[in-house]
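Below: the structure, in structure tokens.
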Amino acid sequence: MPELPEVETIARNLAKGDEQIPSVLGQKIVSSSIFWAKTVAEPDLLSFHSAIKNQSILNVSRRGKFLIFDLDHAFLLIHLRMSGDLIMRYADISLPLEKPLVPHDHVYLHFADNWHLAFNDTRKFGRVWLTPDPNHILSKLGPEPFDPKLTDDVFADKLRKHKRQLKPLLLDQSFIAGLGNIYTDEALFEAGFHPKRQSNSLSLDDSSRLLRAIRKVLQLGIEHNGASIDWAYKGGGFQNYFQVYQQTGNPCPRCGNPITRTVIGQRGTHFCERCQPLI
């Protein structure tokens with residue numbers, strides 16, 4: 001958490017802004033502040049401050065769960081991990097800052113008009129990279145779920161090449177990028193597959209159904225601005241449409257059987273034993 005729909009929502013909101021908050025596009029970074037050194041994965045802190053100064057933000061996009069900021073002469077990559085968020089804050093303050101404006105703000109990009117892009121991360125797992133070439137980080141990711149090149153045949157072939165349980169495989173970012181616990185559970189329920197089913201047991205029709213389910217739940221998540229289920233990410237509404245995730249003991253929306261929670265690959269997993277039989 002956040003997963004693909006939440007990260008996509010953050011990217012879109014930062015790019016478009018609103019009546020109260022300006023877009024980050026075109027903003028010139030006059031300086032930066034860092035209050036948790038480990039947040040910056042690369043380069044070293046002195047190089048980061050020097051390299052990012054006076055660069056403008058040209059574009060904001062997403063790859064998997066990574067946010068990508070295209071700058072004049074580099075790329076800023078941010079992975080929010082468990083509890084990260086990016087927030088535009090307004091404050092007429094003197095720079096450099098001695099302490100963060102808000103608790104758990106670990107990195108600031110300061111703009112010229114008293115706006116500041118803050119990376120807030122309570123659990124401190126999020127990371128930031130400033131690099132001339134993002135591919136050495138992003139190249140390990142699997143295909144995007146909505147990539148037109150990810151056809152039914154391609155997806156079926158990928159599944160057949162692995163002999164793994166579906167839940168851990170779909171969480172593997174090198175297999176497919178962007179899925180986490182929420183949308184994997186929801187997609188498997190939508191497709192009717194047990195999370196422990198072996199990936200190489202799916203037929204072409206099964207694989208096609210699973211790919212459609214993945215795309216459906218992700219699209220619904222994006223349409224509802226992601227899911228807000230704890231303090232890590234706020235503003236989404238998809239939690240009101242969960243079918244199985246965090247619905248332990250509640251009746252299945254299809255058959256009425258109580259939703260089961262188990263642990264698969266050290267991850268809490270929610271499913272309906274009747275609608276998702278283990279084959």
Side-chain angles (χ1 to χ4, degrees), residues 1-13 62-66 80 82 141-152 154-156 158-159 164-197 199 202 205-230 232-248 250-255 257 259-262 264-265 267-277:
M1 182 68 181
E3 303 178 29
L4 186 154
E6 290 76 39
V7 177
E8 179 70 24
T9 299
I10 291 171
R12 292 182 180 185
N13 288 344
R62 177 199 56 77
R63 174 74 170 97
K65 300 178 186 179
F66 285 85
L80 303 173
M82 293 289 292
L141 295 177
E144 287 287 314
F146 295 109
D147 189 341
K149 295 180 181 178
L150 185 62
T151 64
D152 290 349
V154 170
F155 189 59
K158 285 174 64 66
L159 289 168
R164 295 178 61 184
Q165 295 175 338
L166 286 174
K167 175 68 183 280
L169 181 60
L170 294 177
L171 290 176
D172 186 339
Q173 298 302 294
S174 67
F175 179 77
I176 189 168
L179 288 171
N181 231 21
I182 296 173
Y183 296 93
T184 299
D185 283 0
E186 292 293 306
L188 289 171
F189 174 75
E190 176 68 25
F193 297 133
H194 195 285
K196 287 186 177 181
R197 182 166 173 179
S199 59
L202 271 64
D205 287 343
D206 291 338
S207 303
S208 300
R209 187 161 82 250
L210 179 56
L211 183 58
R212 289 196 301 272
I214 290 170
R215 288 170 169 167
K216 178 179 179 179
V217 300
L218 289 175
Q219 185 59 45
L220 285 172
I222 293 171
E223 291 173 2
H224 292 286
N225 299 316
S228 300
I229 58 174
D230 53 30
Y233 173 82
K234 303 175 180 65
F238 187 58
Q239 69 277 4
N240 299 317
Y241 300 89
F242 287 166
Q243 302 293 295
V244 292
Y245 186 75
Q246 291 195 340
Q247 302 302 304
T248 308
N250 292 339
C252 170
R254 290 179 180 167
C255 72
N257 195 55
I259 297 299
T260 297
R261 183 189 185 278
T262 189
I264 300 175
R267 304 296 294 274
T269 301
H270 308 80
F271 67 102
C272 174
E273 294 182 3
R274 184 177 296 167
C275 295
Q276 299 168 260

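Computed from heavy atoms alone, side chains included, the values below leave out hydrogens, waters and symmetry copies.
By the 30° and 60° cut-offs, the orientation of the rings of Tyr241 relative to Phe238 is parallel.
Between the side chain of Glu3 and the backbone N or O of Asn181 there is at least one donor-acceptor pair closer than 3.5 Å. Formation of a donor-acceptor pair under 3.5 Å by the Ser228 side chain with backbone atoms of Gly226 is not found in this model. Looking only at distances, no side-chain donor or acceptor of Glu190 sits under 3.5 Å from a matching main-chain atom of Glu186. In this structure, Arg164 contributes its side chain and Ser199 its backbone to no donor-acceptor pair below 3.5 Å.
Applying the side-chain hydrogen bond (donor to acceptor under 3.5 Å, both in side chains) test to Tyr245 and every residue at least two apart in sequence or in another chain returns nothing. By the side-chain hydrogen bond (donor to acceptor under 3.5 Å, both in side chains) test, Thr184 is found to be paired with no residue, residues two or more places apart in sequence or in another chain being considered.
Annotation: cation-pi pair Arg212/Phe155 absent, no NZ/CZ under 6.0 Å from the ring centroid and within 45° of its normal.
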(message) One pair to check against side-chain contact (heavy atoms from CB on, under 4.5 Å): Leu220 and Glu223. What are the steps and the verdict?
(response) CA-CA 5 Å; Leu220 285 172; Glu223 291 173 2; 3.8 Å; yes
(message) Run the side-chain contact (heavy atoms from CB on, under 4.5 Å) test on Leu202 and Arg197 for me, step by step, so that the C-alpha distance in whole Å, both residues' side-chain angles and the decisive distance to 0.1 Å come before the verdict.
(response) CA-CA 9 Å; Leu202 271 64; Arg197 182 166 173 179; 3.5 Å; yes
(request) Might you work through the side-chain contact (heavy atoms from CB on, under 4.5 Å) test for Ile222 and Phe146, ending with a clear yes or no? (result) CA-CA 12 Å; Ile222 293 171; Phe146 295 109; 4.1 Å; yes
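For the side-chain contact (heavy atoms from CB on, under 4.5 Å) test with Leu179, the passing option among Leu4, Ile214, Asp172 is Ile214; the others fail. Each of Gln243, Gln246, His270 was compared with Asp185 under the side chain to side chain donor-acceptor pair (under 3.5 Å) criterion, and only His270 meets it.
Contact check for Glu6 versus Tyr183: side-chain heavy atoms found under the 4.5 Å cut-off. With contacts defined as side-chain heavy-atom distances shorter than 4.5 Å, the pair Thr262/Lys167 does not qualify. The shortest side-chain heavy-atom distance between Ile264 and Pro168 falls under the 4.5 Å cut-off. At least one side-chain heavy atom of Leu210 sits less than 4.5 Å from a side-chain heavy atom of Leu188.
Separating the CG atom in Leu211 from the OG1 atom in Thr151 is a distance of 8.5 Å, to the nearest 0.5 Å.
For the pair Gly192 and Pro277, the tightest heavy-atom approach, listed with the atom from each and the gap, is O-CD, 4.4 Å. When all heavy atoms of Ala213 and Ala187 are compared, the closest pair comes out as CB-O, 3.4 Å. Across Gln276 and Pro195, no two heavy atoms sit closer than the pair NE2-CD, 4.2 Å. Scanning all heavy atoms of the two residues, the minimum distance from Glu144 to Gly64 falls at OE2-N, 2.6 Å.
Environment of NZ in Lys158: crowded, with over 12 heavy atoms of neighbouring residues, nucleotides or ligands closer than 6.0 Å.
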